[in-house]
Amino acid sequence: YIVGTCPVCAHEGAYGDQCEKCGSSLNPTDLKNPKSTLSGKTPVLKETKHWYLPLDKYQPWLEKWLLEGKKGQWKPNVYGQCSSWLHEGLQPRAMTRDLDWGVDVPLPDAEGKKLYVWLDAPIGYISSTRQWAKENNRDWELYWKKQPNEEDNARLIHFIGKDNIVFHCIIFPTILNAYGDYILPENVPANEFLNLEGDKLSTSRNRAVWLHEYLDDFPGKEDVLRYVLCANMPETKDNDFTWKDFQNRNNNELVAILGNFVNRTLVLTHKYFKNVVPEYTNPQAIDEETLDQVKILREAVQTNLDAFRFREALKEMMNLARLGNKYLADMEPWKVIKSDEERVKAILYVALQITGNLALLMKPFLPHKSAQLQEFINLKVSDWDLIGKKDILPSGHTLGKSGLLFDKIEDAPIEAQVEKLKAASKAAATKQEPQVAPAGEEITFEDFTKMDIRTATILEAEKVPKTDKLLKLKVDTGLDQRTVVSGIAEYYKPEDIIGQQVCILVNLAPRKLRGILSQGMILMASEPDGRLTFVSPKQAVINGAEVR
RNA sequence: GGCGAGGUAGCUCAGCUGGUUAGAGCGCGUGAUUCAUAAUCACGAGGUCGCGUGUUCAAGUCACGCUCUCGCUACCA
């Protein structure tokens, strides 16, 4: 909105950001004789004060702490994104805003200033800890402050998505470090994005699975969702949540492998030994070897959890149920019972130990079902360290009342969810009233008539090289044929718009974009999400017709 | 356009510092089995490791070029 004389080449029509004559990029304050393009008056420089985080000053520290210190430790996607930012060079970042809503800047000379959300939000992690500590009679500083002995420090780990990497890896650590005695994030195992039925999640488009609705639709299945989300976690690249996959994983994995193993063990114990854990006499090598596997699987789960490989950890947990199924299939207690009840006692003893250990091993992933299984088998203790014990359910122990841990999900509710999703996003798309831009300032009729808008036809269109959004158009305005550069390439392909009739502002001052002189501006309807659509006469009219 | 991450069986992924016939789970096929929610167990069929060139005795694994997906960034009169 500002023109003036270029300080480099003395061209008089230079813009506030760039001089087209010499191509220099400028700041508005660099211009000599600046004038407003709206009113023609000389702009007044108004100061607005903002507080900055001088990230540039901490660049050397970040390079050492992050680039050197976290190399090979942080996930490639996280480390790569951070090093990309650091290589571009950090700039001071404004931490205050001129807004009429938000958290006030708590400084005497900061009237009307609000804190930038990403200064504020991570500090909320600390204040919420303080609040929690207060309510629970704990010392919050143990969780955030550096302790006299480094090994006593709390470990700070941020579980986030990739869109939050910069705030948790660069900005927040810089603040913590600058402040002084706070611990720093040990790791930030950010995930990629999870899509929903092949498209991005979007709460504004109501393209989401709302948790309260899920719990209504699938009561008691909170752990099923946990399981599917964990098994499908976008740890290395974007992934897709589909209801079909949800159903398959429930039916083929939770029901068929885990639930089924538990069920058959408990049913057999009930049938043969009246729900009491039998004696473990004359164990065979296979029995001991099978029980030895439990500890190995626990180690595998643990190692993977420590390394934030949750999908793999989950798979190892399921392997314990697989081990149990295989053991039962190999031992065939339902056959042996006909000839050797003593042997069946040992077999079911082993199967029950696997079940007991499984109840504990699944706890990090399926907390509700873990508790439920503990009730089934009347297991009161739940320490992780117990996993591997070969007598977690000792002989003579009476089991509880059992049922089914998981049940099958039929096609109908799954299809209903898919339909619901479609209907919801369709409804959201048609509604769409909110967040249209408010009406602009009142202008006079003369102001309006200054704009000469005409109908025109696009004759040629090509993408401007090295840009994503720009198309170079040749249009027939009725008056002439001229070149217009337009930022519509995301929504229109060049070959699709040739012959398209549009409206064009013909008396707009020409402007060079990417080295191409753009003479005029194509009128577009711009929706809140940024989508653009041509504003065109409904019926074909001559080129050059005045639009009023 | 620049930068980052990813592209390995139908699907989701593993393959560390290059080394014999590329692995797992689910799905699929065949067989076994019946204690179990037609669940389970065994066996099997599926892969030009995105494309190309190069380095090497040897490349999914290294180098260069290209291509596709996601993200950050620039351009959007």
message = Please determine whether a side-chain nitrogen or oxygen atom of A:Lys408 lies at a distance below 4.0 Å from atom OP1 or OP2 of B:rA39.
response = yes
key: Contact under 4.0 Å: A:Asn239 side-chain N or O vs B:rC13 OP1/OP2   = yes
request  = Classify the nucleic acid contact of A:Lys315 as base, sugar-phosphate or nothing, counting any heavy atom under 4.0 Å across all strands shown.
outcome  = base
task = May I ask you to say what A:Val267 touches in the nucleic acid, namely base, sugar-phosphate or nothing, with a heavy-atom cut-off under 4.0 Å?
result = sugar-phosphate
task = Give A:Tyr272 one of three labels, base, sugar-phosphate or nothing, depending on what nucleic acid heavy atoms sit under 4.0 Å from its own.
result = nothing
query = Just by distance, do the side chain of A:Asp223 and the backbone of A:Lys369 share a donor-acceptor pair under 3.5 Å?
reply = yes
task = Establish, with yes or no, whether the OP1 or OP2 oxygen of B:rG27 is under 4.0 angstrom from a side-chain nitrogen or oxygen of A:Lys244.
result = no
key: Worked verdict on A:Glu279 versus A:Lys345 for salt bridge (Lys or Arg N to Asp or Glu O under 4.0 Å)   = CA-CA 6 Å; A:Glu279 295 293 323; A:Lys345 284 182 180 174; over 6 Å; no
message = Base, sugar-phosphate or nothing for A:Lys75? Non-hydrogen atoms, less than 4.0 Å.
response = nothing
Value in whole Å for how far the P atom of B:rA39 lies from CZ of A:Phe406 = 16 Å
query = Any ion pair linking A:Lys335 and A:Glu332 (charged N to carboxylate O, less than 4.0 Å)?
reply = yes
query = Can you check the A:Phe193 CZ to B:rG4 P distance for me, whole Å?
reply = 19 Å
ask   = Looking across every strand, which nucleic acid part, if any, lies under 4.0 Å from A:Lys200 by heavy atom: base, sugar-phosphate, or nothing?
value = sugar-phosphate
ask   = NA contact type, A:Ile488, heavy-atom cut-off 4.0 Å: base, sugar-phosphate, or nothing?
value = nothing
ask   = At under 4.0 Å between heavy atoms, what does A:Asp238 touch on the DNA or RNA strands: base, sugar-phosphate, or nothing?
value = sugar-phosphate
message = Please confirm whether the shortest side-chain N or O distance from A:Lys162 to OP1 or OP2 of B:rG6 is below 4.0 Å.
response = no
key: Pairing partner (Watson-Crick or G-U wobble, both distances under 3.5 angstrom) of B:rG10   = B:rC26
note = Walking RNA chain B from its 5' end, the first of A:Asn77 and A:Arg311 to be reached, judged by nearest nucleotide, is A:Asn77
message = Going by purine N1 to pyrimidine N3 plus the second Watson-Crick contact, or the G-U wobble pair, all under 3.5 Å, which nucleotide sits opposite B:rA77?
response = none
request  = Using a heavy-atom cut-off of under 4.0 Å over every strand shown, decide if A:Pro76 touches base, sugar-phosphate, or nothing.
outcome  = sugar-phosphate
message = In whole Å, measure the gap between the P atoms of B:rC68 and B:rG29 for me.
response = 37 Å
query = Are side-chain heavy atoms of A:Val418 and A:Glu197 found at a separation under 4.5 Å?
reply = yes
key: Sub-6.0 Å ring centroid separation between A:Trp85 and A:Tyr79   = no
task = Check whether any side-chain nitrogen or oxygen of A:Asn252 sits under 4.0 Å from OP1 or OP2 of B:rA39, and answer yes or no.
result = no
query = With sugar-phosphate meaning primed atoms plus P, OP1 and OP2, does A:Lys469 contact a base, only sugar-phosphate, or nothing at under 4.0 Å between heavy atoms?
reply = base
query = Touch check for A:Leu471, heavy atoms < 4.0 angstrom, all strands: base, sugar-phosphate only, or nothing?
reply = nothing
query = Once you round it to whole Å, what is the distance between C1' of B:rA5 and CD of A:Glu235?
reply = 15 Å
message = Can you classify the ring geometry of A:Phe246 versus A:Phe241 as parallel (below 30°), tilted (30 to 60°) or perpendicular (above 60°)?
response = tilted
inquiry  = Using whole Å, what does the distance between atom P of nucleotide B:rC41 and atom CZ of A:Phe261 come to?
reply    = 11 Å
